[in-house]
Amino acid sequence: MASNNMTLMTCFLIISLAFFILPQTQARVLLSETQATPATGFLYPKAESTVLPDPSPFFAPSLLQTPLPTNSFFQNFVLNNGDQPEYFHPYHFRSSNSSLSLSYPTRLATSASISQNFTPELTISATQNNQERHVVSSFSDLGVTLDFPSSNLRFFLVKGSPYLTCNVSNPTALSISTASSITSLFPNAQRNKYTLKLDNSQTMLVYSSSPIGLTISNPSLITSDAFTGVMRVALLPPGSQDLEAVLDQFSSSYPVSGEAVFTGPFTLEYRWVKEGNGDLLMLAHPLHQQLLSVQDSNATVLDYLKYRSIDGDLLGVVGNSWVLKTQPIPVSWHSITGVKDLVQALPEIKAALSGDVQALISTPVSTTASYEYGKLIAKAARLALIGEEVGVKDIPAITKFMKDAIEPWLSGTFSGNGFLYEGKWGGLVTKNGAVDKGADYGFGVYNDHHFHLGYFLYAISVVAKLDVDWGMKFKDQAYALAGDFMNLNRQPDSSYPRLRNFDLYNLHSWAGGLTEFADGRNQESTSEAVNAYYSAALMGLAYRDTNLTDTASLLAALEIQAAQKWWHVHQGDNIYEDVFASQNKITGIVWSNKRDTGLWFASAESKEIRLGIQVLPISPITEVLFSNASYVREVVDWTIPALNREGVTDAWRGFAYALEGIYNKEEALQNVKNLKGFDDGNSLSNLLWWIHSRG
Ligand SMILES: *[C@@H]1O[C@H](CO)[C@@H](O)[C@H](O)[C@H]1NC(C)=O
Ligand SMILES: *[C@@H]1O[C@H](CO)[C@@H](O)[C@H](O)[C@H]1NC(C)=O
Ligand SMILES: *[C@@H]1O[C@H](CO)[C@@H](O)[C@H](O)[C@H]1NC(C)=O
Ligand SMILES: *[C@@H]1O[C@H](CO)[C@@H](O)[C@H](O)[C@H]1NC(C)=O
Ligand SMILES: *[C@@H]1O[C@H](CO)[C@@H](O)[C@H](O)[C@H]1NC(C)=O
């Protein structure tokens, strides 16, 4: 976007400013964030994409000069007509026809899926509706602001707020309509709080910064006097305590945005920008509840204030910032505790390795697709590392193979495909993806970037580890790949949006890109997401960049815990209904507003594929992802009967047997040795290495 010199100069200015205006600690944090993936200024050649949607109808002009989010919690608001809903915990919001609708969705759980229904319980607009589209005037890690300029309305939509907040900038008569009907509407003495009861048995509390004068116009419509100021709406959840008093107490402190700051190894801090008076009340989902350091945050958990959500019960937390801490995870090139039973293991692994290396280097690479190509070079990298771990000396052949395979993608000379940079949203596309939405699984419309690039980073890191000079030669190109989904920089002159895939409130990634879906973003493979952050952490090791390793390790740790919470199904943990949890040990696709058992490419009955896509690729980090051996046994027992179905391939069987190796090495070893084929990213060597390094 800007030239190298410009970038440096702007950074310098912003950093020096930061020192003057920010307290010391905050300035330090900004500094390290700016440098977490150092901007090298290198960009892949420019692409003219013919398939990308146009962001300009939705974003404020000033934002259009900056990289824009492509896999975010508010993506539906900036695609097509912008009128599909997005889920914000605990409310589902839809913006259409110059109005914002709120739903506290009801759930429908079956053995096949869990979904939430959007019903516009309340719809807010100016009475004189000017029929305009919303404008995204700002966005942050934890929220987005939608404006209806000619209606004088600005909505601060911040994830996890129990209140919907609206700022009315000029005297405006408001309409509040409901799909239900109004049972009663009572003001308090100051007429700055109304209690609204609906005939669906919901109670809504409407707060305003000054008297608002609400009256019932008809059974489904309330109108206000001309009003200027802040209006907030909260659903009163059922509970045994006086929750109305709690919501009253925190009604005048409202978040307008929120950032997640990487404050230290395995530590993330939420900092909301708030207005109004008093302390902030926000909601924590089950993973927040697990990670929240109450002491460091100076926050209080209100375990009696509970809202339901697709991700489990949300609890109230009072505090203006939260510190989230996760257990450190090991990021290592080799198996975490080493290969066991050396006398048996080493000859077996070495023999397999010699066969796998020979087969790999003697087969011409036929694919030009970024995903399959990435898997292939990562498979080669696994062989190199396994060789290193077991002390085999034929690494030069595999290193040469990897260099020959990777270099054309880095130097832009690969025929048939390659990486390009596009400036409309700010990021990488493939040559094929730039002209074909379906090519490379939608890489050109920002699907699956972390998956594809994760494999590339893995292979590049391994070669950079084995050959430092090669690593330095291609460092800029390598960092440009990492930057596409790992960039932490918030500065407008950055080339990529901040953390493209990672949802900093949900604490996991989204793979779905610029395609409108009623259920929001989605992600199928958590193991490939973990692989992406793990590989970025390895890249940090290869380039001795501890900032990158720290950031990527934290993201990997969070992605792992999110996978264990929402993709791995534990019956009785109160996340999913029993009708779903009793039949499924693992989900298919997790959507922001739905849980599916089916996959993009296979049916719910294909349990071996549902399991396999959450396991591949097998590497040292797999041990951390599947650290719960009782769960592993349950999910394998659940999968095994499906392995005998007609059409099941050994490629997928391999992943079930790999997990079996966690609790039954001998049987798993036998099963693996009988396999006749392997997934294109997997190999006999890799499975033998994995099973022999268990226990
Ligand atoms: C890491 O961040 C620190 C500031 O916190 C900076 O001084 C250092 O240069 C960064 N390292 C790299 C490799 O970017
Ligand atoms: C928006 O208004 C149009 C025309 O009145 C109507 O057909 C459409 O259903 C409305 N959209 C929503 C989501 O209410
Ligand atoms: C709300 O709108 C008023 C009038 O435009 C403005 O002065 C005020 O700063 C706004 N508040 C926030 C938090 O944006
Ligand atoms: C902790 O929170 C309480 C209540 O919000 C506040 O009065 C106090 O100043 C806070 N202490 C610190 C150290 O921030
Ligand atoms: C491990 O998985 C089992 C079986 O699903 C579950 O009961 C247990 O709570 C899990 N342990 C942890 C620490 O999550």
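The figures here come from the full heavy-atom set of this structure, side chains too, leaving out hydrogens, waters and symmetry mates. Note that ligands are numbered from 1 as they come in the structure, with each ligand's atoms numbered from 1 the same way.
In summary, the atoms of ligand 3 found under 4.0 Å from a heavy atom of Phe156, numbered by their order in the structure, are 12 (C), 13 (C), 14 (O). Counting atoms of ligand 3 from 1 in the listed order, those under 4.0 Å from a heavy atom of Ser169 are 4 (C), 5 (O). Atoms of ligand 5 lying under 4.0 Å from any heavy atom of Glu634, numbered from 1 in the order shown and given with element: 4 (C), 5 (O).
In this structure, atom 14 (O) of ligand 3 has protein heavy atoms in its sub-4.0 angstrom surroundings. For atom 7 (O) of ligand 5, the protein comes within 4.0 Å by no heavy atom at all.
Among all protein heavy atoms, the one lying closest to atom 12 (C) of ligand 5 is Asn628 ND2, 3.4 Å.
With no hydrogens or angles considered, no side-chain donor-acceptor pair links Gln571 and Gln583 at under 3.5 Å. Residues Ser125 and Ser99 have side chains that never bring a donor and an acceptor to within less than 3.5 angstrom of each other. Between the side chains of Ser509 and Tyr533, a donor-acceptor pair is found at a separation under 3.5 Å.
Of the N or O atoms in His570, one or more lie within a sub-3.5 Å distance of an N or O in ligand 5.
Close placement of the Phe58 and His134 rings is indicated, their centers lying within 6.0 Å of each other.
A heavy-atom distance below 4.5 Å is found between the side chains of Pro162 and Tyr307. Here the side chains of Ser527 and Leu625 are in contact, with some heavy-atom distance below 4.5 Å.
Of the listed residues (Thr145, Asn167, Asn152), the one carrying the non-hydrogen atom nearest atom 1 (C) of ligand 3 is Asn167.
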